[in-house]
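Since the model is a prediction, treat every value here as computed from it, not as a measurement.
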Amino acid sequence: MTQEELKKEYDKYDTPIMFDALKEGVESQIVQTEVYKGVYYEIFPYSFQRVGMRKGKPVKLSNRLKSTNNLYFYGFNEKKQIVEVREGCEIENQFDYQFLSYYDVYIKSLAYNDDKELINISFYNLNQSHQIESSQSVGCFGAEEEEYFYDDNGRLHKIKVRQFDSAGEEGATLFYTIKYYPDGSLDSIIKSTSMYEEVVYTEKKK
């Protein structure tokens, strides 16, 4: 899909009416909801670790909490797929939304803010092993293209990210290198460009 085609998709979904229709359709599929204080599920590989976030904690009685800020509600369909993520904003009882659709060769993600404005639309392309091999996204601030690289054991070891501003000009290319402990669990994630590198995440070994 070209960036022009992506932009057309973005424009199609960037309306409050489309948000309402998506929300109604997605929530009709939900058969189970889980709640956490902080992000919890890696819907896409190392999506929150790459920005230095850690896994949140489960919440059993969310209605007893004083604030909905940073609460994550994950809605599952009958196939145990996450189809909706609600993230609590600083404004009480206001949420950002992510809607997910699953297809044979790709996953589509639509992210909206609490004003029903589309933040971005993303397509995650799957290989024959049903792993993500690439992604394309466009949003209100620009676009991204990602490539995912796996070792011979099918373990993700590098992600390449190309960034584009709202005018389509390409910026610095980012690389995320994933390191593992000998037992296969995550060790650390290193972010780098041609100019620098930094460790953005280190897993605490239990």
Which residues pass the ring pair (Phe, Tyr, Trp, His ring centres under 6.0 Å) test with Tyr74, not counting sequence neighbours? Tyr36, Tyr41
Looking at Thr68 and Asn93, would you say the former's side chain and the latter's main chain have a donor-acceptor pair under 3.5 Å? yes
Say whether, by atom type as modelled, one donor and one acceptor occur between the side chain of Asp151 and the main chain of Asn153 under 3.5 angstrom. yes
Tell me whether the guanidinium CZ or amine NZ of Lys55 lies under 6.0 angstrom from the six-membered ring centre of Tyr40 and within 45° of its axis. yes
Using atom types as modelled and distance alone, determine if a side-chain donor or acceptor of Tyr180 lies under 3.5 Å from a backbone N or O of Leu156. yes
Thinking salt bridges, do Arg162 and Glu170 make one under a 4.0 Å N-O criterion? yes
Take atom CD of Glu78 as the centre, draw a 6.0 Å sphere, and report whether it contains more than 12 heavy atoms from other residues, nucleotides or ligands. no
Could you go through the side chain to side chain contact (heavy atoms under 4.5 Å, CB included) check for Asp165 and Phe141 one step at a time? CA-CA 6 Å; Asp165 65 19; Phe141 299 112; over 6 Å; no
How about Lys108 and Ser122: do any of their side-chain heavy atoms sit closer than 4.5 Å? no
Sub-3.5 Å donor-acceptor pair from the side chain of Glu87 to the main-chain atoms of Leu71, do we have one? no
Just by distance, do the side chain of Asn113 and the backbone of Lys116 share a donor-acceptor pair under 3.5 Å? yes
Give me the ring orientation class for Tyr97 and Phe95: parallel if the planes are under 30° apart, tilted from 30 to 60°, perpendicular past 60°. perpendicular
Under the side chain to side chain contact (heavy atoms under 4.5 Å, CB included) test against Gln98, which residue among Leu110, Ile43, Ile82 passes? Ile43
Residue among Leu174, Ile178, Ile132 satisfying side chain to side chain contact (heavy atoms under 4.5 Å, CB included) with Ile159: Ile178
Does Asp96 come within less than 4.0 Å of Arg86, counting only side-chain N to carboxylate O? no
Would you call Glu9 and Lys12 a salt bridge, taking side-chain N to carboxylate O under 4.0 Å as the test? yes
Check against side chain to side chain contact (heavy atoms under 4.5 Å, CB included), Asp20 and Lys23: CA-CA 5 Å; Asp20 291 336; Lys23 185 174 183 293; 5.6 Å; no
Can a donor-acceptor pair be found between the side chains of Ser192 and Glu197 at a distance below 3.5 Å? no
State, without any angle test, whether Gln29 and Glu27 hold a side-chain donor-acceptor pair at a distance under 3.5 Å. no
Is the shortest side-chain heavy-atom distance between Leu22 and Tyr112 below 4.5 Å? yes
I'd like to know if the side chain of Asn120 pairs up with that of Ser137 as donor and acceptor (distance under 3.5 Å, no hydrogens or angles considered). no
Ionic contact status for Arg50 with Glu42, cut-off 4.0 Å: no
Ser166: which residues meet the side-chain contact (heavy atoms from CB on, under 4.5 Å) condition with it, sequence neighbours left out? none
